[in-house]
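Right, one structure below, let's go through it.
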Amino acid sequence: MRILVLGSGAREHAIITALLREGAGHEITAAPGNAGIAQLVETVALDPTKGAVVADYAVDNDVELVVIGPEAPLVEGVADALRQRGIATFGPGKQAAQLEGSKAFAKRIMDAAGVPTGRAMRAGTLAEADAALDAMGAPYVVKADGLAAGKGVIVTDDRAAARAHAEHYLQQGGVLVEEFLAGQEVSLFLLSDGSTVLPLSPAQDYKRIGDGDTGPNTGGMGAYSPLPWAAPGFVDEVIETIAQPTARQLAEEGTPFIGLLYCGLIVTERGIRVIEFNARFGDPETQVVLPRLVTPLSGLLFAAATGQLAGTPRPEFSDDAAVTVVLASEGYPDSPHTGRPLFGLDEAEQVEGVHLCHAATARTDEGFVATGGRVLSVVATGSDFAEARARAYEAIGRIGLEGGQYRTDIAARVVEG
Ligand code: AMP
Ligand code: GLY
């Protein structure tokens, strides 16, 4: 199949790695891709958020499937522009992508569909935010209403910090003040063709920068899959109580969700609750979910894009454990230092069961340099978590980046039981 993948992160590197692993001879192009992806497939310098540009390219090059990786093109309506030109597209249209683009929209859909989530109050002014903080009480959860690259949420006992966060994001629209939910977090991805949803294997992401879940939230510092501690029937419960009702609600509103429904969940004592929806594959969770996928990814994405999931069996996964550790630049998430050289990438990939997914790298005559906050994901699989984790840390230990930071406790809790 001729496939165009939009995006430039480690997630897109992981998607392309999974498509190539099928060995089906797909012709894959990434736009714009990154320096790691360019080692694998052709890359083209298109702006992935410009619907007309992407659609012209897809038509001119006989692309049979477009896979939209990041949220920005989705929120811009790139999927609509492609579908209008008759191109099979994996990714929701502008309206359905509001599930991620607007926390207030997501709350409305969840209310209408009866989906379990935390209580929330929307605030448009500082006075409203103050009232909401007092009504909800500590710990305080304040969320930017719009897209914020994983940095829009604060969870804190410090009322002044919660208020300052609200004040900052009020200038960019509005905020939600939400009930604090305690429990394990789970990311569950579901393929949706607008009416039928099919689950992938669940993963757990580590959002905070520091070991032991300390410091500010990030885009994600590591992940593992599967979740040996999840209750039997967990995935079915999410489908029945969350994913299917959400897909049905969006379809009834005339904005069917075609693409990847990312359910960000907390398993509380009182049941499973949604803390966020995303409209795309998660990063870094994709890096641990897709290496375990046995069913060919291209067929699943194409079936979702073309309304054929009802007749498609549930995707199958290997029993392997997968762990990913993200290498970030000094100063991330606030103000990353960039331009520093990376050493030891080949040595890292020589560790058995290990591969790298690049996120923010560039190739120079001397080798790769880091160009952003989250630089790359080291991904390891193994027959159990002890093996996968040991391999991931052996590999990341071989990589040199001045000031580079990574968490040392990814998947530690599953190895310890
Ligand atoms: P989000 O961007 O909505 O996923 O939020 C980022 C992180 O904040 C989540 O991964 C959680 O760790 C935390 N979080 C978000 N909402 C809540 C909540 N209602 N209660 C507790 N923690 C939350
Ligand atoms: N890992 C969190 C996200 O992709 O939004």
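Bear in mind the structure is a predicted one, so any value in this text is a computation, not a measurement. Counting begins at 1 with the first residue of the sequence. Ligands are counted one by one from 1 in listed order, and the atoms in each one are counted from 1 as well.
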Please state whether the rings of Tyr406 and Tyr393 are parallel, tilted or perpendicular, taking 30° and 60° as the class boundaries.
tilted
Please say whether Phe180 places an N or O atom under 3.5 Å from an N or O atom belonging to ligand 1.
no
I'd like to know if [X] and [Y] make a salt bridge, using a cut-off of under 4.0 Å between side-chain N and carboxylate O.
X: Arg413; Y: Asp213; result: yes
X: Arg208; Y: Asp409; result: no
X: Lys107; Y: Glu178; result: yes
X: Arg340; Y: Glu330; result: yes

Which of the atoms of ligand 2 are close to [X], meaning less than 4.0 Å from one of its heavy atoms?
X: Gly219; answer: 1 (N), 2 (C)
X: Asp205; answer: 1 (N), 2 (C)
X: Lys207; answer: 2 (C)

Any idea which part of Phe281 is under 4.0 Å from ligand 2, heavy-atom wise: side chain, backbone, both or neither?
neither
Residue portion contacting ligand 2 (non-hydrogen atoms closer than 4.0 Å) for Glu285:
side chain
Should you measure from each heavy atom of [X], which atoms of ligand 1 turn up under 4.0 Å away?
X: Glu185; result: 9 (C), 10 (O), 11 (C), 12 (O)
X: Lys143; result: 3 (O), 15 (C), 16 (N)
X: Val155; result: 8 (O), 13 (C), 14 (N), 22 (N), 23 (C)
X: Lys103; result: 2 (O), 3 (O)

Which protein heavy atom lies closest to atom 5 (O) of ligand 2, and at what distance to 0.1 Å?
Arg280 NH2, 2.9 Å
Would Arg208 count as a contact of ligand 1 if the rule is a heavy atom under 4.0 Å away?
no
Residue among Arg248, Arg108, Gln95 satisfying side-chain hydrogen bond (donor to acceptor under 3.5 Å, both in side chains) with Glu253:
Arg108
Where's the contact between [X] and ligand 1, heavy-atom distance under 4.0 Å: side chain, backbone, both or neither?
X: Asp205; answer: neither
X: Met136; answer: neither
X: Val153; answer: side chain

Applying a strict 4.0 Å limit to heavy atoms, is [X] in contact with ligand 2?
X: Gly282; answer: yes
X: Gly264; answer: no
X: Ser187; answer: no
X: Arg11; answer: no

Would you say ligand 2 has an N or O under 3.5 Å from any N or O of Asn278?
yes
Is Asp283 close to ligand 2, meaning an N/O of one under 3.5 Å from an N/O of the other?
yes
On a heavy-atom basis, which atom in Gly219 and which in Pro284 lie closest, and how many Å separate them?
O-CD, 4.2 Å
Which heavy atom of Val294 sits nearest a heavy atom of Ser318, and at what distance?
CG2-N, 3.5 Å
Check: Phe234 and Val267 side chains under 4.5 Å, non-hydrogen atoms
yes
Contact check, side chains of Thr286 and Phe189, non-hydrogen atoms, under 4.5 Å:
yes
If we check side chain to side chain contact (heavy atoms under 4.5 Å, CB included) with Val54, which of these qualifies: Thr89, Ile87, Ile68, Leu6?
Leu6
If we check side chain to side chain contact (heavy atoms under 4.5 Å, CB included) with Leu356, which of these qualifies: Thr324, Asp346, Leu345, Val379?
Leu345
Check: His358 ring centre within less than 6.0 Å of Phe368 ring centre
yes
